[in-house]
Amino acid sequence: MKYGLDQPSKSHSTMDVETATAHLNPPEVKRNTSAKISLSKRGLIMIIGVVAVAGCICGTIIGAAGTRRIIVRDIPRKETSVSSAPLTPPIPAASSSTGFCWDCANGKRDSWWWGWGACECEKGWGGSCCDVRDISIDDRWLGFLANPPQKSITIAETLEAKAQDLVTNLLVSNPSVPMSVDLRDIDVVVSGGGNYDAFYLGVQMVFSRIRPMSTIGISRYAGTSAGGMMPFEVALRGERDTLLSHLSWGVITEEYPEYFSNAVSAAYQQDHGWRLLADFQAERYSSELSKLDDKVFLGTSCLKPWPTLVMISEYEEETAAAAFMSTGTFLQYYDGMVCSDGGATAGPNMTPLFQDNLRDQLIVDLMKTGYPGSMVYSVDLDQYAELIEVGMEEAVKFLKTGTTERDGIITLCAAGSDVSGNVCK
């Protein structure tokens, strides 16, 4: 499963956050004018006690009215269409606000008097206590898809330079060391594996720099879950845009850590983020979708009536987003069928091998990266970039020796092999 916790709808409702205001209405006190008032020590203590209690109650009411301790993850998402999304929603500069706060959640203040004082909020936060996001995570993500942050660009440039150096220094500049495998006419099959897809991205970045020399010729791609999504993205949007998008999601996890505090919320949030990505790319690159026909095959598990592996190989703007999500989510309606993550029906390795055996098949098994299981559903930016580099290095070793450091992570299944059960025998 890629992420698999969101619902299969494309829009998300909006709900305003209402601030409740408490009111203190003390009961009417009937006075007995005929009674004689005497002020004993006990009476004085009682009066002081009543005044103290009343003060605490008033303070609590003021605090409830002035404080908005809102946890961002509990705010329903604002409905956002791709066309109306801001291209680059910046994080606003720090702002100040006054009100009753026990503390400034994401900011500071120089003065304090029973909770009163101006909070100097950190960038991206607002509200009386600096506890309200200035920009929703959805708007931020859509902005990054259209215009990636500088941090992603810098990391991407470093990775691209490394890929080029590996190809130049280890392969091109040393012609006396021929490649041990013939990849001039192959199909590529990638297993499921969540954010282990960084490994395949590294392999892709090496192969793409060798292909102009006609040393590698790839006819078709197939995959399930993340292993289907990544080749789909690269074929549709290009390697660099795909790289930048995935790195930008790492930036999102850094800027909005409250959404990724546990496995369930992290998986849910990435599934939701990828639904926005699916709609974005289907609309933005609609004129390019046809070039994926019969070239990129997405494996999805659909009820017919029992779970059956369905290979999708034709794409139109109206159905492309659903096809993209169906291979790697918990539940998706596609072409009149109820579908879910393709890894469930693509054999023990989640590798939907081409059954026609037209050519050799290069198999990338993402589940053999050896990286922490938490990476399947959650992205750490540094870790993700590191795994991309690992993919590059393993690709180079495979090209030179036919083997890899991680046993079986890249293999070549010869044409004519028994691939029944989606396992190369």
- Donor-acceptor contact present, side-chain Thr329 to main-chain Met325, <3.5 Å: no

- Closest non-hydrogen atoms of Gly408 and Asp365, given as atom of the first, atom of the second and distance, are O-CB, 3.9 Å

- Judged by atom type as modelled, is there a donor-acceptor pair below 3.5 Å linking the side chain of Thr319 to the main-chain atoms of Tyr315? no

- Message: Tell me whether Asp271 is salt-bridged to Arg275, with the criterion being a basic N under 4.0 Å from an acidic carboxylate O.
- Response: yes

- Answer with yes or no whether the side chains of Ser301 and Asp341 bring together a donor and an acceptor at under 3.5 Å. no

- Task: Determine whether Tyr200 and Val188 make a side-chain contact, defined as any pair of heavy atoms from C-beta on separated by less than 4.5 Å.
- Result: yes

- Item | Backbone N/O of Met205 and side chain of Ser208: donor-acceptor pair under 3.5 Å | yes

- Note on the structure: Shortest non-hydrogen pair, Ala198 vs Met375, comes out as CB-CE, 4.5 Å

- Task: Output every pair passing disulfide (SG to SG under 2.5 Å) with a member in residues 311-369, not counting sequence neighbours, ordered by first then second residue.
- Result: Cys302-Cys339

- Give a yes or no on whether the ring-centroid distance for Phe297 and Phe354 is below 6.0 angstrom. yes

- Message: Just so I know, are the side chains of Arg209 and Glu239 near enough to count as touching, which here means a heavy-atom distance under 4.5 Å?
- Response: yes

- Electrostatic pair Lys162:Glu157 at N-O distance under 4.0 angstrom: no

- Item | Between Asp293 and Ser290: side-chain donor-acceptor atoms closer than 3.5 Å | no

- Message: Would you say Gln269 and Tyr256 are linked by a side-chain donor-acceptor pair, where the criterion is simply a distance under 3.5 Å?
- Response: no

- Note on the structure: One should read off an interatomic distance between Tyr285 OH and Glu317 CD, to the nearest 0.5 angstrom, of 13.5 Å

- Might you point out which heavy atoms bring Asp185 and Ser219 nearest each other, and give the distance in Å? OD1-OG, 3.2 Å

- Query: Leu292 versus Phe232: any side-chain heavy-atom pair under 4.5 Å?
  - Reply: yes

- Task: Mind checking the OG1-CD1 spacing from Thr403 to Ile410? Nearest 0.5 Å is all I need.
- Result: 10.0 Å

- Message: As a quick check of understanding, evaluate side-chain hydrogen bond (donor to acceptor under 3.5 Å, both in side chains) for Thr168 and Asp165, giving each step before the final call.
- Response: CA-CA 5 Å; Thr168 301; Asp165 286 345; 5.7 Å; no

- Task: Taking Thr154 for its side chain and Gln150 for its backbone only, find out whether a donor-acceptor pair lies under 3.5 Å.
- Result: yes

- Item | From CA spacing to verdict: side-chain contact (heavy atoms from CB on, under 4.5 Å), Glu160, Leu243 | CA-CA 10 Å; Glu160 289 168 338; Leu243 173 62; 4.3 Å; yes

- Message: Please identify which of these residues, Ile186, Asp187, Leu362, meets the side chain to side chain contact (heavy atoms under 4.5 Å, CB included) condition with Ile218.
- Response: Ile186

- Item | Full working for side-chain contact (heavy atoms from CB on, under 4.5 Å) between Leu201 and Met230 | CA-CA 8 Å; Leu201 190 50; Met230 181 66 80; 4.0 Å; yes

- Answer yes or no: does atom NZ of Lys304 have more than 12 heavy-atom neighbours from other residues, nucleotides or ligands under 6.0 Å? no

- For Leu289 and Ala282, work out which heavy atoms get closest and say how close. CD1-O, 4.2 Å

- Item | Under 3.5 Å donor-acceptor, Ser225 side chain and Gly227 backbone | no

- Item | Student check: side-chain heavy atoms of Leu276 and Leu142 closer than 4.5 Å | yes

- Query: Passes side-chain hydrogen bond (donor to acceptor under 3.5 Å, both in side chains), Arg220 versus Ser313? Steps please.
  - Reply: CA-CA 10 Å; Arg220 300 177 297 183; Ser313 60; over 6 Å; no

- Query: Which distance, rounded to the nearest 0.5 Å, do you find between the CE of Met229 and the CG of Asp197?
  - Reply: 9.5 Å

- Query: Has the side chain of Thr300 got a donor or acceptor atom that lies under 3.5 Å from a matching backbone atom of Ser326?
  - Reply: yes

- May I ask you to test the Val189-Val364 pair for a side-chain heavy-atom distance under 4.5 Å? no

- Task: Write down the atom of Phe324, the atom of Ala278, and the distance for their closest heavy-atom approach.
- Result: CD2-CB, 3.6 Å

- Query: Is the shortest side-chain N to carboxylate O distance from Lys108 to Glu122 below 4.0 Å?
  - Reply: no

- Query: Hey, is the main chain of Ala415 close enough, under 3.5 Å, to the side chain of Asp360 for a donor-acceptor pair?
  - Reply: yes

- Task: List the steps and the verdict of side-chain contact (heavy atoms from CB on, under 4.5 Å) for Ile155 and Leu381.
- Result: CA-CA 10 Å; Ile155 296 174; Leu381 184 56; 3.7 Å; yes

- Message: Is any side-chain heavy atom of Arg237 closer than 4.5 Å to one of Arg284?
- Response: no

- Item | Over 12 foreign heavy atoms within 6.0 Å of CD, Glu316 | no

- Task: Answer yes when Glu254 and Lys151 have at least one side-chain N-carboxylate O distance shorter than 4.0 Å, and no when they do not.
- Result: yes

- Query: Ser417 and Asn357: side-chain hydrogen bond (donor to acceptor under 3.5 Å, both in side chains), yes or no, with the steps?
  - Reply: CA-CA 7 Å; Ser417 299; Asn357 265 319; 5.8 Å; no

- Task: Let me see the working for Leu183 and Leu399 under side-chain contact (heavy atoms from CB on, under 4.5 Å), right down to the final yes or no.
- Result: CA-CA 9 Å; Leu183 304 180; Leu399 292 173; 3.3 Å; yes

- Classify the angle between the aromatic ring planes of His246 and Tyr384 as parallel (below 30°), tilted (30 to 60°) or perpendicular (above 60°). parallel

- Distance-minimising heavy-atom pair for Ala235 and Lys291: O-CE, 3.0 Å

- Pairs touching residues 401-425 that satisfy salt bridge (Lys or Arg N to Asp or Glu O under 4.0 Å), sequence neighbours left out: Glu394-Arg406, Lys397-Glu405

- Query: At what distance, to the nearest 0.5 angstrom, does CG of Leu145 lie from CH2 of Trp141?
  - Reply: 4.5 Å

- Query: Got a donor-acceptor contact below 3.5 angstrom from the Ser191 side chain to the Thr224 backbone?
  - Reply: no

- Under 3.5 Å donor-acceptor, Thr253 side chain and Val379 backbone: yes

- Report the C-alpha separation of Cys104 and Cys119 in whole Å, then their side-chain angles, then the decisive distance to 0.1 Å, and conclude whether the disulfide bond (SG atoms under 2.5 Å apart) test is met. CA-CA 6 Å; Cys104 297; Cys119 286; 2.1 Å; yes

- Close side-chain approach of Leu244 to Phe144, heavy-atom, < 4.5 Å: no

- Do Phe398 and Leu412 have side-chain heavy atoms sitting under 4.5 Å apart? yes

- Task: Mind checking the CG-CG spacing from Asn195 to Leu387? Nearest 0.5 Å is all I need.
- Result: 9.5 Å

- Task: Mark yes or no for whether Asn422, through its side chain, and Leu353, through its backbone, hold a donor-acceptor pair below 3.5 Å.
- Result: yes

- Please round to the nearest 0.5 Å and tell me the distance separating atom CZ of Arg140 and atom OG of Ser248. 10.0 Å

